[in-house]
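From a predicted model like this one, the values you see are computed outputs, not experimental measurements.
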Amino acid sequence: MTDSAKPTLLVVDGHSLAYRAFYALPVDNFSTKDGQHTNGIYGFLAMLINLIKAEKPTHIAVAFDTSRQSFRTRVYPEYKVNRSETPSEFKGQIPILQDCLAAMSIQVLQKEDIEADDILATLATQGAEAGFDVLVCSGDRDTIQLVNDDVTLLYPNVQGVSQLKRYDRQAVIDRYGVPPEQYPEIAALVGETSDNLPGVPKVGEKTAVKWLTQFGSLDALLEGADKITGVVGGNLREHLDDVRRNRALNRLLRDVELPLSVDDLEVRPMDAQAVRDIFARLEFKTLIPRVAELAGIEQQMAAVTSAAAVPMPAPVEPSAADLRAWLEGADAEVGVTVVVEGGLPQRIGFSTTFPMPSPSAAGTSSGDSGRVGPAAAEASWTPEIADALADWLASDAPKVFADAKPQVKALRRAGLRLGGLAFDVIVAGWLLRPSFPDKTLAHLVDRYLDEKLPEADPTQLVPETEGATPGQLSWFTLRVAEEVRGELPPSVATVLTDIELPTLLALADMELAGVAVSHDTLAAFSGELGARADALAQAAYAAIGREVNLGSPKQLQEVLFDDLQLPKTRKTKTGYSTDAAVLADLQETNPHPFLDLLLQHREATKLRQIIESLDSAIGGDKAIGADGRIHTTYVQTGSQTGRLSSTDPNLQNIPIRSEESGRIRSAFVVGEGYETLLTADYSQIEMRIMAHLSEDPGLIEAFNSGEDLHRFVGARVFGVDPQDVTPAMRTKVKAMSYGLVYGLSAFGLSKQLRIEQSEAKQLMMEYFARFGSVRDYLRSSVEQARIDGYTETIFGRRRPFPDLASPNRVLRENAERAALNAPIQGSAADIMKIALFHIHDDFAASGLSSRVLLQIHDELVIEIAPGEWDAAEQIVHARMGDAAALSVPLDVQIGRGGDWHSAGH
DNA sequence: AAGAAGACGTA
DNA sequence: CGTACGTCTTCTTG
């Protein structure tokens with residue numbers, strides 16, 4: 001083991017070890033569900049974790065090659081040329097591995113023109129000089145030359161990377177018969193086939209060692225080459241230049257200029273959240289606890305040296321009057337944090353770039369400009385404080401939040417309105433990274449400030465560490481905001497200010513309002529469905545002569561494929577699918593009463609389950625108390641395209657398609673004190689956006705003609721008059737049109753329409769022959785995304801697509817389809833958001849009590865107060881219709897009824 | 001107790 | 001081999 005008194009430096013050749021892992025581990029077992037290969041990453045990290053645990057290095061670095069090219073290939077162009085092409089499945093893993101290492105706070109080093117081993121050599125040399133025990137971990141034999149009394153080599157066995165052999169000075173002598181510094185001389189004589197460096201023919205390790213012991217050194221040997229007799233002697237004399245070249249090429253550089261010194265490689269605490277996130281994404285379940293254990297070790301080691309971040313201000317707690325006076329005097333943005341408990345404000349904190357007045361000595365030295373860096377103040381929520389702050393909170397004075405919505409809601413419940421919402425760091429962070437959002441202020445502090453937000457340990461009854469106070473949270477919020485703002489491209493900043501923040505305020509009111517749902521309606525239906533499900537289950541058992549759990553795909557597979565001997569269906573990860581599409585197919589080819597009963601049972605239990613969860617959500621929001629309404633939560637940062645998502649419960653997936661789903665929707669009713677429900681939805685908004693973006697004359701005409709879209713398109717595609725478009729033709733072009741938006745293939749289309757692939761192909765051909773600009777647009781938009789690295793909506797919302805450049809085909813093609821869809825789905829989301837907050841704001845400005853309750857992507861559900869129908873309907877129609885100026889009109893359908901079902905259409 | 005997998009609801 | 005979501009149940013794992 002290493003000498004515990006000395007610090008230990010571990011330097012690793014990332015490329016060579018990951019490459020060995022790549023070949024050692026079966027790729028099939030190491031791929032994520034979206035197709036990313038991870039075997040090299042996994043093998044490397046598993047090895048590294050074991051290594052860190054065993055050796056407890058105090059300093060770590062991992063070096064990578066930048067490419068095949070290096071100064072060696074310039075000197076000797078044949079160097080490594082016979083190496084086979086690096087498999088693309090491996091190449092793609094290196095950047096991800098580097099991301100993992102970054103999350104683990106391990107330094108990654110690479111340098112143009114230099115090989116990883118040269119970096120190892122340089123670090124090993126510097127480390128040894130600085131008094132470190134150095135561990136070099138590499139799969140390249142050339143690194144044997146680095147071994148000495150301070151430097152030990154860890155070399156992987158043939159098997160892969162699970163076993164590392166330890167070479168200290170003595171081990172090298174035992175194995176090769178020469179001291180480490182002389183090993184390259186052996187290698188020069190023998191040659192290295194894998195590097196395309198031929199040596200002396202007929203000379204292997206044995207002969208080389210014999211000669212070197214005899215002559216003492218390679219130079220002496222080359223000088224005295226004449227003295228060697230026999231064929232090998234002749235060979236040596238003929239290949240003197242090869243040997244010299246080999247020796248020159250296998251000498252590792254020990255003086256590479258690096259951006260970091262050995263001291264900078266000190267082990268630092270990991271970014272626990274980033275590690276969890278990236279490992280989860282790579283589906284490394286078992287590695288997470290292993291890394292966590294490691295993090296514990298690192299934490300202890302790093303605790304001593306961890307540098308203090310920018311010191312937090314000690315928030316003052318001024319009187320209500322002082323606080324108000326100061327806030328009203330502030331001429332810069334103010335960070336605001338409302339601590340919410342049970343839906344109500346508990347404490348409130350502020351921070352600014354101005355010093356807070358000290359209650360005793362207001363106006364003490366504050367520097368020449370008065371700006372002395374952010375300072376903080378806070379107060380507990382009392383009626384006096386609420387009174388004192390109400391005007392300022394409602395004013396236009398700019399305020400910066402981290403996740404404003406719950407705080408806005410709490411203020412609303414306390415009777416206060418919020419104005420001047422200038423920035424939300426969570427929402428802004430999501431706009432920048434919709435695929436990998438930082439969900440909390442702590443994440444953002446970590447990413448943008450590289451500091452830790454102090455958090456009370458929730459596992460401890462009496463926490464040892466204090467969490468940040470609201471004033472300090474505001475201070476962090478303000479600092480993060482400055483960084484995030486610096487990263488926001490102007491168009492994205494506009495999306496934040498002009499779309500997201502107004503939407504946020506509207507959503508807060510929608511969540512507070514909730515939607516009235518009739519428990520009695522739900523309960524009656526639930527009972528009915530329960531009885532039906534039981535009967536269906538009994539019948540199903542009878543059909544197969546035994547009882548199984550119909551909710552268990554595993555047991556169903558036994559019944560279908562073992563007992564009933566039905567043909568195997570689509571494969572899943574763990575067996576064969578039993579989903580509805582598959583069961584319907586089976587019913588056609590191998591009819592069996594069990595199949596139909598099972599499908600019906602599924603439908604009944606699914607409906608009942610939805611009803612039950614809705615029922616238990618009625619008045620479920622404890623903060624409000626049972627009010628007979630359901631209060632969903634809209635997750636504004638919940639999608640990658642710009643859409644909202646809805647949780648607890650999800651009100652964006654209430655059934656509508658099936659026969660009986662109307663009975664669920666009819667339980668969503670107009671609330672007390674209101675007159676009726678209004679539903680408003682955009683018809684074919686995505687196709688309209690497609691028409692606008694592609695500028696396809698045919699599609700634009702379709703929307704301007706007033707003709708039914710699919711009838712119009714069908715007439716063009718099939719070359720008939722609109723009135724002669726049959727239902728079958730209409731179905732086909734409808735599927736085609738909708739499929740376009742998702743990047744549908746001929747294969748997918750044929751499957752959906754249950755037609756031959758050739759017919760599907762023909763259909764697509766005909767379609768594009770008539771609507772060619774659509775195809776051109778779709779192609780060019782993906783191409784543009786490949787160039788830019790992101791897509792953009794009509795309003796400038798961006799979504800990055802790094803995988804468009806991936807060498808992994810599955811990954812790349814998935815990204816292409818998503819990139820195709822993102823501007824269309826995203827623009828639709830933008831338009832709906834704009835319409836939503838305009839309607840919300842107009843209602844308020846017009847003094848209406850009618851209110852928006854729900855948003856279901858292209859539909860709004862609005863509760864109309866008595867006597868307000870006409871005014872409200874007019875606002876809704878106008879605001880949805882003019883939310884965007886497209887080259888085709890935005891068609892809005894409006895319905896009216898006492899419940900959601902009858903208001904729909 | 002927590003997470004994965006399969007299934008299925010919506011736009 | 002069609003995009004974007006959330007939630008339920010069962011089953012596995014710790």
Side-chain angles (χ1 to χ4, degrees), chain A residues 32-33 35 280 283 285-286 288-289 434-435 548-557 569-583 598-599 601-603 605-614 616-617 632-635 637-658 661 664-665 681-687 690 735-753 757 760 778 791 799 809-810 813-826 828-829 832 854-860:
Chain A
T32 65
K33 56 179 179 295
E283 300 171 14
K285 302 154 216 170
T286 56
I288 294 180
S435 61
V548 293
N549 184 343
L550 296 175
S552 162
K554 190 165 167 270
Q555 294 183 35
L556 286 176
Q557 283 175 51
T569 58
R570 179 168 58 85
K571 270 203 175 140
T572 66
K573 225 172 195 174
T574 53
Y576 297 93
S577 171
T578 67
D579 72 19
V582 155
L583 294 181
L598 172 58
L599 280 169
H601 179 263
R602 281 230 181 109
E603 193 180 342
T605 49
K606 177 79 180 177
L607 279 181
R608 191 167 65 134
Q609 168 253 107
I610 291 170
I611 290 165
E612 285 303 316
S613 66
L614 284 176
S616 62
T632 185
T633 302
Y634 289 102
V635 186
T637 57
S639 82
Q640 304 197 42
T641 52
R643 277 189 175 181
L644 303 174
S645 76
S646 157
T647 64
D648 303 315
N650 180 356
L651 295 185
Q652 290 180 322
N653 69 343
I654 303 304
I656 189 169
R657 284 171 196 160
S658 70
S661 53
I664 298 185
R665 292 199 165 214
D681 57 73
Y682 282 120
S683 56
Q684 300 135 348
I685 186 166
E686 294 193 341
M687 279 305 283
M690 174 85 96
M736 174 77 203
S737 288
Y738 277 108
L740 277 180
V741 180
Y742 305 136
L744 187 68
S745 63
F747 176 89
L749 187 63
S750 74
K751 237 181 128 181
Q752 194 199 322
L753 292 173
Q757 219 171 295
L778 292 172
T791 59
R799 176 174 171 190
R809 205 182 83 186
V810 178
E813 289 180 347
N814 285 342
E816 283 168 357
R817 284 190 298 276
L820 198 100
N821 173 261
I824 299 170
Q825 190 183 119
M832 180 48 113
L854 304 177
Q855 187 258 42
I856 308 98
H857 307 306
D858 65 1
E859 174 185 8
L860 294 177

S.K.: With sequence neighbours excluded, tell me which residues meet side chain to side chain contact (heavy atoms under 4.5 Å, CB included) with A:Thr647.
M.R.: A:Thr633, A:Val635

S.K.: Determine the contact category for A:Ser613: base if any of its heavy atoms lies under 4.0 Å from a base atom, sugar-phosphate if only primed atoms, P, OP1 or OP2 are that close, otherwise nothing.
M.R.: sugar-phosphate

S.K.: Going by salt bridge (charged side-chain N to carboxylate O under 4.0 Å, His left out), name the residues that satisfy it together with A:Glu603, two or more places apart in sequence or in a different chain.
M.R.: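 A:Glu603 satisfies salt bridge (charged side-chain N to carboxylate O under 4.0 Å, His left out) with no other residue.
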
S.K.: Using a 4.0 Å heavy-atom cut-off, does A:Ser646 contact any base of the nucleic acid, only the sugar-phosphate backbone, or nothing at all?
M.R.: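 Counting heavy atoms under 4.0 Å across all strands, the contact made by A:Ser646 is with sugar-phosphate only.
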
S.K.: Starting at CD1 of A:Ile664 and ending at P of B:dC8, how long is that distance when rounded to a whole Å?
M.R.: 16 Å

S.K.: Could you list all N or O pairs between the protein and nucleotides 2-4 of chain B that sit under 3.5 Å apart?
M.R.:
none

S.K.: Taking the side chain as C-beta and beyond, is there a heavy-atom pair between A:Thr632 and A:Asn650 under 4.5 Å?
M.R.: no

S.K.: Sequence neighbours left out, what passes side chain to side chain contact (heavy atoms under 4.5 Å, CB included) with A:Arg608? Give chain and number order.
M.R.: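 A:Arg608 satisfies side chain to side chain contact (heavy atoms under 4.5 Å, CB included) with A:Ser526, A:Leu529, A:Glu612 only.
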
S.K.: When you list every nucleotide of DNA chain C with an atom under 4.0 Å from a heavy atom of chain A, which one comes first 5' to 3', and which comes last?
M.R.: C:dC1 to C:dT12

S.K.: Hey, can you pull the residues of residues 744-751 of chain A with a non-hydrogen atom under 4.0 angstrom from DNA chain C?
M.R.: A:Leu744, A:Ser745, A:Phe747, A:Gly748

S.K.: Rounding to a whole Å, what distance do you find between A:Arg608:CZ and B:dC8:C1'?
M.R.: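 Rounded to whole Å, this separation is 16 Å.
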
S.K.: Could you work out, with side chain to side chain contact (heavy atoms under 4.5 Å, CB included) as the rule, every residue matching A:Leu744, not counting sequence neighbours?
M.R.: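 Here the qualifying residues are A:Leu749.
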
S.K.: Once salt bridge (charged side-chain N to carboxylate O under 4.0 Å, His left out) is applied, do any residues pair with A:Arg799, and if so which ones, sequence neighbours excluded?
M.R.: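 A:Arg799 satisfies salt bridge (charged side-chain N to carboxylate O under 4.0 Å, His left out) with no residue once adjacent residues are dropped.
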
S.K.: Mind checking A:Glu686 for me? I need base, sugar-phosphate or nothing, with any heavy atom below 4.0 Å counting as a touch.
M.R.: nothing

S.K.: Does A:Tyr576 have any ring pair (Phe, Tyr, Trp, His ring centres under 6.0 Å) partners at least two apart in sequence or in another chain, and if so, which?
M.R.: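 Listed in chain order: A:Phe561.
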
S.K.: Looking across every strand, which nucleic acid part, if any, lies under 4.0 Å from A:Gln609 by heavy atom: base, sugar-phosphate, or nothing?
M.R.: sugar-phosphate

S.K.: When we call it a touch if two heavy atoms are under 4.0 Å apart, what does A:Ile656 touch: a base, just sugar-phosphate, or nothing?
M.R.: sugar-phosphate

S.K.: Nearest whole angstrom, please: distance from the C1' of B:dA5 to the NZ of A:Lys571.
M.R.: 17 Å

S.K.: Quick one: does A:Leu854's side chain get under 4.5 Å of A:Tyr634's, heavy atoms only?
M.R.: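 A:Leu854 vs A:Tyr634: side chains touch.
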
S.K.: Hey, are the side chains of A:Ile664 and A:Ile611 touching, using non-hydrogen atoms and a 4.5 Å cut-off?
M.R.: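 A:Ile664 vs A:Ile611: side chains touch.
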
S.K.: To the nearest angstrom, how far is A:Glu859 atom CD from B:dG9 atom C1'?
M.R.: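 A:Glu859 atom CD is separated from B:dG9 atom C1' by 15 Å.
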
S.K.: Measure CD1/A:Ile610 against C1'/B:dA7 and give the value in whole Å, please.
M.R.: 12 Å

S.K.: For A:Leu854 and B:dT10, give me the distance from atom CG to atom P, rounded to whole Å.
M.R.: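 It is 15 Å, rounded to the nearest whole Å.
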
S.K.: Find the distance A:Glu612:CD to B:dG9:C1' and express it as a whole number of Å.
M.R.: 16 Å

S.K.: In chain order, what residues pass the salt bridge (charged side-chain N to carboxylate O under 4.0 Å, His left out) check against A:Asp579, with sequence neighbours excluded?
M.R.: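 Testing A:Asp579 for salt bridge (charged side-chain N to carboxylate O under 4.0 Å, His left out), a comparison that skips the adjacent residues, returns A:Arg570.
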
S.K.: If I take atom CG in residue A:Leu550 and atom P in nucleotide B:dA7, what distance separates them, rounded to the nearest angstrom?
M.R.: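 Nearest whole value for this atom pair: 14 Å.
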
S.K.: With sugar-phosphate meaning primed atoms plus P, OP1 and OP2, does A:Arg657 contact a base, only sugar-phosphate, or nothing at under 4.0 Å between heavy atoms?
M.R.: base

S.K.: Report which part of the nucleic acid A:Arg817 touches: base, sugar-phosphate, or nothing (heavy-atom distance under 4.0 Å, all strands).
M.R.: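 Sugar-phosphate contact only - A:Arg817 comes under 4.0 Å of backbone atoms but never of a base.
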
S.K.: Using the test salt bridge (charged side-chain N to carboxylate O under 4.0 Å, His left out), find all partners of A:Glu859 that sit at least two apart in sequence or belong to another chain.
M.R.: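 In terms of salt bridge (charged side-chain N to carboxylate O under 4.0 Å, His left out), with neighbours along the sequence ignored, A:Glu859 is linked to no residue.
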
S.K.: Can you sort out the partners of A:Phe747 under ring pair (Phe, Tyr, Trp, His ring centres under 6.0 Å), two or more places apart, ordered by chain and number?
M.R.: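 By the ring pair (Phe, Tyr, Trp, His ring centres under 6.0 Å) rule, A:Phe747 matches no residue at all.
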
